[in-house]
Asks: 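Below are the structure tokens for one structure; questions will follow.
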Number of protein chains: 2
Amino acid sequence: MAEKIKMNRSPVTLKDISQRTGYSVNTISHALNGKKDISDKTRKLIAETAEEMGYIRNSLAGGLRSGITGTIAVIVSDISNPLFGIMVKEMEILLRKWNVNLFIMNTNEDAATEEKAILSALGHNVDGLIICPTQKDSDILHRLDMEHVPYVLLGRKPNGESASNYVVWDDFQGGYEATKYLISLGHKRILCLSGPSYISSAKERLAGYHQALYEAGIPLCPELIHEVQPVGEDLKEILTDSFALPDGFTAVFAFSDMIAWETIYQLNELGKKVPEDISVVGFDGIQSKMPFPCKLTTILTPKTKMATQVVKTLMNLIYQKFEAVTQTTIPVQLIVRDTTQAK
Amino acid sequence: MAEKIKMNRSPVTLKDISQRTGYSVNTISHALNGKKDISDKTRKLIAETAEEMGYIRNSLAGGLRSGITGTIAVIVSDISNPLFGIMVKEMEILLRKWNVNLFIMNTNEDAATEEKAILSALGHNVDGLIICPTQKDSDILHRLDMEHVPYVLLGRKPNGESASNYVVWDDFQGGYEATKYLISLGHKRILCLSGPSYISSAKERLAGYHQALYEAGIPLCPELIHEVQPVGEDLKEILTDSFALPDGFTAVFAFSDMIAWETIYQLNELGKKVPEDISVVGFDGIQSKMPFPCKLTTILTPKTKMATQVVKTLMNLIYQKFEAVTQTTIPVQLIVRDTTQAK
DNA sequence: AATAAAACTGGAAACATTTACGGATATGGG
DNA sequence: CCCATATCCGTAAATGTTTCCAGTTTTATT
């Protein structure tokens with residue numbers, strides 16, 4: 001952070017209002033904040049003068065003294081991912097009602113960036129954090145625990161036996177239902193395009209996939225399970241290789257809509273039609289909030305509900321000091337559309 | 001903002017480091033900030049002690065005294081719109097290098113919300129703002145001018161003769177090229193799905209549309225020009241009505257990719273094929289950053305360039321006090337893909 | 001060895017607000 | 001009329017940092 005050449009605002013302060021009205025700075029503060037015993041007449045006069053003079057409360061000074069800054073940091077992997085965009089928007093609108101402002105930070109799934117972001121947030125004395133953790137082991141969350149900073153994990157459960165508060169979707173259920181549905185359509189060779197195994201949601205979706213296969217008595221084929229990158233260049237190769245397997249594959253379960261779309265695109269490039277040749281199921285249901293022409297069969301994850309629940313949990317932690325651990329799992333829903341059909 | 005029950009952090013302060021090392025608070029501050037003459041030995045010792053004690057600079061206190069908070073507010077209509085998501089992400093990553101944090105705020109294209117957001121940002125003493133203004137007349141930008149708060153407009157030019165700094169795409173060029181291209185394919189009845197006329201970018205795109213028609217000697221049909229809402233329920237009606245016109249239409253120029261996608265979807269619902277029956281051109285080129293299966297012909301607006309330029313302009317304003325007005329127009333590019341064909 | 005300059009460090013004020021505490025005036029009941 | 005209580009308001013300390021001003025020690029130069 002370079003050096004700013006000179007201060008350019010000279011905002012009106014409580015002192016200014018004090019001089020104008022004749023009341024003490026203290027009284028002004030109390031009047032504006034509804035504290036203490038101030039006569040209605042005085043309160044009204046002060047409020048009007050403040051308004052007239054264009055007073056804006058200085059959150060830095062207030063926060064410094066009181067410990068409440070009215071700020072929350074939201075730390076996600078990638079705000080340009082509509083999944084996060086939708087939720088962050090929802091949160092921001094909710095929080096504005098309480099005059100709480102949002103810092104937004106991207107980790108890019110990098111642990112060092114995550115740590116830097118969290119420390120920076122702490123330096124700004126945020127009242128709390130909402131974090132979609134990278135889960136590449138880092139002890140930064142422990143630090144938050146140590147310092148008793150309220151935070152809620154978004155979409156991913158903590159590693160190990162941590163008692164962090166979190167809100168997640170039912171990823172196991174989603175993996176299970178997606179796979180079971182494909183099986184019900186007669187598919188047996190289901191390519192699974194998973195996420196990194198250290199991320200809890202990917203782990204659970206994969207467990208759901210396993211469970212569905214197991215219940216249907218279909219043998220598990222490790223060569224049909226791949227970890228792909230968010231926007232993977234390796235996808236084409238995976239598809240080509242999988243077609244070359246002895247039994248090939250007839251369906252794809254992708255762990256995000258982004259991956260599903262990319263898969264459909266690559267399948268087209270390879271001359272395969274969806275759903276005639278290959279069925280594809282996604283995960284997220286981003287489409288439900290955005291009008292894309294391609295109607296993807298997917299697992300719908302309720303994003304508004306998630307955003308609301310996360311905010312509610314955090315506000316409880318901060319303001320009610322509701323110390324009990326709150327861990328919420330939100331059910332998901334299979335949405336059948338146009339990218340799947342019976343084999 | 002409710003009341004927080006009690007302070008829960010007791011962070012290590014300069015005073016703590018002072019007591020541990022025996023140096024004055026003043027010296028600690030200077031050592032950590034590279035100011036004044038501090039011996040390398042002392043500086044190193046202080047830095048190590050700070051590190052060891054887990055010191056985090058309190059930006060509130062620092063900002064209060066120095067006037068520099070290391071925060072910037074980004075105010076857009078809708079962070080869940082990937083167009084903004086992509087740019088905000090880019091900005092955040094750029095600014096993190098200077099240890100600058102981003103407040104994100106949604107206006108939802110509402111002037112009152114915009115004003116509230118900006119005032120809130122001022123209360124947090126942001127060093128500057130990046131604003132995609134609603135342009136529904138409000139004098140809030142004047143206030144920023146009055147108070148000499150650095151800000152840069154994003155994607156929209158100021159109303160009237162304001163001397164605001166801005167970075168925009170060449171919307172006129174985009175509107176012109178999109179229309180000209182459709183004309184070159186033999187289209188004469190081009191439905192124009194515009195945005196609100198009080199928004200500068202929409203105005204300019206429409207002017208480009210006019211110009212292209214004019215140059216080609218094609219008469220302007222007011223009934224082919226419609227203002228549509230971001231995610232409009234009225235779209236279906238517009239399309240149906242337009243088909244019912246004496247000469248109908250054979251092509252659509254949509255002012256955003258979102259609208260283009262929605263249009264294609266609705267056209268399919270109406271039994272029309274794209275591009276066989278109707279050609280569609282979008283605006284934004286969101287697809288270029290996201291792998292959707294539908295390859296839309298569109299006007300590509302360089303988003304990374306925009307984000308970089310906005311940040312650069314703002315940083316100049318804040319730190320170099322570069323008072324001259326900076327107004328940048330970034331060229332756009334027609335990308336021909338699969339939703340257009342000759343008539 | 002004297003003197004100037006450079007290197008190094010501290011004290012205290014300032015930023016704008018909140019809060020703990022206490023003082024003053026008015027109201028009401030006995 | 002007196003005391004208790006409620007109502008209304010002010011003083012001063014506190015938050016953690018930066019900055020102004022100044023002081024002391026060390027090094028370099030003649």
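First the proteins, then the strands, lettered A, B, ... as listed; each starts at 1.
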Asks: Looking for any heavy atom pair under 4.0 Å, which part of the strands does G22(A) touch: base, sugar-phosphate only, or nothing?
Replies: sugar-phosphate
Asks: Can you tell me how far P of dA14(C) sits from CG of L64(A), to the nearest Å?
Replies: 17 Å
Asks: Applying side-chain hydrogen bond (donor to acceptor under 3.5 Å, both in side chains), name anything that partners R96(B), two or more places apart in sequence or on another chain.
Replies: E92(B), N101(B)
Asks: Looking at residues at least two apart in the chain, or sitting in another chain, which of them share a side-chain hydrogen bond (donor to acceptor under 3.5 Å, both in side chains) with S77(B)?
Replies: none
Asks: Could you go through K312(A) and E90(A), starting from their C-alpha distance and side-chain angles, then the distance that decides it, and tell me whether this counts as salt bridge (Lys or Arg N to Asp or Glu O under 4.0 Å)?
Replies: CA-CA 12 Å; K312(A) 241 165 67 180; E90(A) 199 68 30; over 6 Å; no
Asks: For dT18(D), does OP1 or OP2 lie under 4.0 Å from any side-chain N or O of N33(B)?
Replies: yes
Asks: Got a list of protein N/O to nucleotides 20-27 of chain D N/O distances below 3.5 Å?
Replies:
{"residue": "dC20(D)", "atom": "N4", "partner": "N26(B)", "partner atom": "ND2", "Å": "3.3"}

Asks: Under the side-chain hydrogen bond (donor to acceptor under 3.5 Å, both in side chains) test, which residues partner Y55(B), sequence neighbours left out?
Replies: none
Asks: Please state whether the phosphate of dT17(C), meaning OP1 or OP2, lies under 4.0 angstrom from any side-chain nitrogen or oxygen of Y55(A).
Replies: yes
Asks: For L60(A) and dC15(C), give me the distance from atom CG to atom P, rounded to whole Å.
Replies: 14 Å
Asks: Could you work out which one of dT18(D), dT9(C), dT19(C) sits closest to the side chain of T27(B)?
Replies: dT9(C)
Asks: With a 4.0 Å cutoff (strictly under), does any side-chain N or O of S24(A) reach OP1 or OP2 of dC9(D)?
Replies: no
Asks: Starting at atom CD1 of I56(A), determine the distance to atom C1' of dT17(C), rounded to an integer number of angstrom.
Replies: 15 Å
Asks: Let's see if you can work this out: which of dA16(C), dT19(D), dT18(C) has an atom nearest to the side-chain heavy atoms of S29(A)?
Replies: dT18(C)
Asks: Could you give all pairs that pass the salt bridge (Lys or Arg N to Asp or Glu O under 4.0 Å) test and reach residues 59-71 of chain A, with sequence neighbours left out?
Replies: none
Asks: What salt bridge (Lys or Arg N to Asp or Glu O under 4.0 Å) pairs are there with at least one residue in residues 12-34 of chain A, not counting sequence neighbours?
Replies: R20(A)-E52(A)
Asks: Main chain of L14(B), side chain of S18(B): is a donor-acceptor contact present, judged purely on distance under 3.5 Å?
Replies: no
Asks: At a heavy-atom distance below 4.0 Å, what parts of residues 38-48 of chain A sit against DNA chain D?
Replies: I38(A), S39(A), T42(A)
Asks: Salt bridge (Lys or Arg N to Asp or Glu O under 4.0 Å): which pairs involve residues 77-88 of chain A, sequence neighbours left out?
Replies: D78(A)-K89(B)
Asks: Separation of I28(A) atom CD1 from dC8(D) atom C1', in whole Å?
Replies: 14 Å
Asks: Find the distance D16(A):CG to dC15(C):P and express it as a whole number of Å.
Replies: 11 Å
Asks: By nearest atom, which of the nucleotides dC15(C), dT19(C), dT17(D) is closest to the L14(B) side chain?
Replies: dT17(D)
Asks: D145(B): what forms a side-chain hydrogen bond (donor to acceptor under 3.5 Å, both in side chains) with it, not counting sequence neighbours?
Replies: Y151(B)
Asks: Tell me the interatomic distance from L122(A), atom CG, to dG16(D), atom C1', rounded to whole angstroms.
Replies: 16 Å
Asks: Rounded to whole Å, how long is the line connecting atom CG of N125(A) with atom C1' of dT17(C)?
Replies: 14 Å
Asks: Rounded to the Å, how far apart are I68(A) CD1 and dT19(C) C1'?
Replies: 12 Å
